[in-house]
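Each chain gets a letter, A, B and so on, in the order its sequence line appears, and its residues count up from 1.
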Amino acid sequence: MIKNIKGTKDLLPNATYNLQDIENHLTRFMHLHGYGEIRTPIFESTELFTRSVGENTDIVNKEMYTWEDQNGQSLTLRPEMTASVARAYIQKQMWKIEPISKYYYIGPLFRRERPQKGRLRQFHQFGVESIGSENPEQDAEVISIAYNIYKMFGIEDISIKINSLGSGNIREIYSNDLKESLSNFKDSFSDSELKRLEQNPLRILDSKNEKIIKIINENAPNIFDYISPTDKKHFESVLNILDTMGIPYVHDNYLVRGLDYYNQTVFEVISNKLGGQDALCGGGRYDKLISQLGGEDIPAVGFAAGMERLIIAMNLENNESTSTDIYIINNEISLNGVSMLLADNIRKNLGVAVYVDTLRRSLKSQLRHSNKMKSKFSIILDAKTLDENTVCIKNMEKNSQDIIDFNNVVSYFESE
RNA sequence: GUGGCCGUAGCUCAGUUGGUUAGAGCGGCCGGUUGUGGUCCGGCAGGUCGAGGGUUCGAAUCCCUUCGGUCACCCCA
């Protein structure tokens, strides 16, 4: 038997039902905020990700699905969206067309990780990117959107962590000092932690190892002491606006993000119900990415949210079954054509869902199926009554029936 | 990538110290006299016991390998 690839999932109608509903809400929500959808290809030139996400990140080092195309070009299934959005923005030279571009996206991403609940190899993210404003109100807008989306879906048990990484070469200076401050404690570090301290020192800050956390708390410098007065002011303005908007947050000095392109504001929305994979969404500012990839010097801020984690947090993994409004029961094979014609007429004129059996089931079975599909009405076609030009319409909830003229079926439902 | 736990019908599981034709509930399908659903009753269909190999007279049960799931780490959404 051929099976799906590890870390991928098939979604059948009872699972996609809720997903479509969520997507509709997100689309509507973003429209209300002035953001439009962007869709980019799911594979890109490998170089795009090595240059934006960072050579020393795990994503680029060991998690990308990369292959060589027939012409020798290295291609990669996208492991994240921001790089693609930036690439498209630059390619279309959007800054010449409008001073600010606001995008949202929903789509599949690919990372070759060990699967876990809420972490797949093909997973889906919803995300927002606002490109063009350097102002704190833009940070606040993006963060409030993230927060309000979870509120919209009724997810209460969440908290926002926020921090600033400063700008310019602060990141490097701080990283070096951090490395130095911990150099006396190398005995307590595991091999992988030492490697991390070497290659991507900031990441050591969100270690889950109790011992390391203690050492950091007692010895690590505070990045907030490094960032410039301008950056500090920017960060405080963001917090002020969040306060005014009534959005709760926690300033976490040790929050850093794994991707290289982040600077200044970074944030995460955490669910308290998700266990290990508790980050519902993460994002921040990436003011240098556009220029670094060959565009103008244009600031930007955004976030990405995991759809699978959203669905887990909503506790909605399987719910609704397919339903219909009207079920047409044909009692004789010769009436198939009439049934389907009637179904088309009702769909066309009333825009409601009409189901016709194609399994040649018995009357009893069709009624059972009609009931299972939660139909409001069943129309029973029968050769005898059709000779008299009438059909039987059964109200499934009231268990009442009407005999009406075949030509009046549509108008019958219009009055219902 | 590292480590722990798990893998029997579509789903949730039972299956005694290895011993005949592997079970239940739910779900699915059909039917309960000639054209009526939801409740009720009856019947039927689904499993090479994740896969491959080994030990044995005999394996769902023991051993090895492998695949998949799950949890922690790693990382991140």
Exercise for the section: Indicate whether OP1 or OP2 belonging to C74(B) is found under 4.0 Å from a side-chain N or O atom of R114(A). Expected result: no

Practice task
Confirm from the modelled atom types if K372(A) and G37(B) form a donor-acceptor pair under 3.5 Å, side chain to base only.
Solution key: no

Practice task
Check if the side chain of R119(A) and the base of C75(B) share a donor-acceptor pair of N or O atoms closer than 3.5 Å.
Solution key: yes

Exercise for the section: Kindly indicate whether the side chain of R112(A) and the base of G1(B) share any N or O donor-acceptor pair separated by less than 3.5 Å? Expected result: no

Problem - Distance below 4.0 Å between S365(A) side-chain N/O and C30(B) OP1 or OP2 - result: yes

Problem - U70(B) phosphate, OP1 or OP2, under 4.0 Å from K117(A) side-chain N/O - result: no

Completion exercise
Taking U70(B), A77(B), G32(B) as options, the one with an atom nearest any side-chain atom of F123(A) is A77(B)

Handout entry: Test of ring centre spacing under 6.0 Å for F235(A) and F224(A)
Key = yes

Practice task
May I ask you to evaluate whether K364(A) reaches the phosphate of G37(B), defined as a side-chain N or O under 4.0 Å from OP1 or OP2?
Solution key: yes

Exercise for the section: Taking T324(A) for its side chain and S375(A) for its backbone only, find out whether a donor-acceptor pair lies under 3.5 Å. Expected result: no

Practice task
Please state how far atom CG in L367(A) lies from atom P in G32(B), giving the value in whole angstrom units.
Solution key: 13 Å

Practice task
Verify the contact: side-chain N or O of Q116(A) to OP1 or OP2 of A72(B), cut-off strictly under 4.0 Å; return yes or no.
Solution key: yes

Completion exercise
The Watson-Crick or G-U wobble partner of C57(B), with both key distances under 3.5 Å, is G19(B)

Practice task
Check whether the side chain of Q366(A) and the base of U36(B) form a donor-acceptor pair under 3.5 Å.
Solution key: no

Handout entry: R347(A) side chain to V354(A) backbone, donor-acceptor under 3.5 Å
Key = yes

Problem - Candidate nucleotides C75(B), C73(B), A77(B), ranked by approach to the side chain of D58(A) - the nearest - result: C75(B)

Practice task
Determine the interatomic distance between P on U21(B) and the same-named atom on U39(B); round to the nearest Å.
Solution key: 38 Å

Handout entry: Residue mapping more 5' on RNA chain B - nearest nucleotide basis, R361(A) or N371(A)
Key = R361(A)

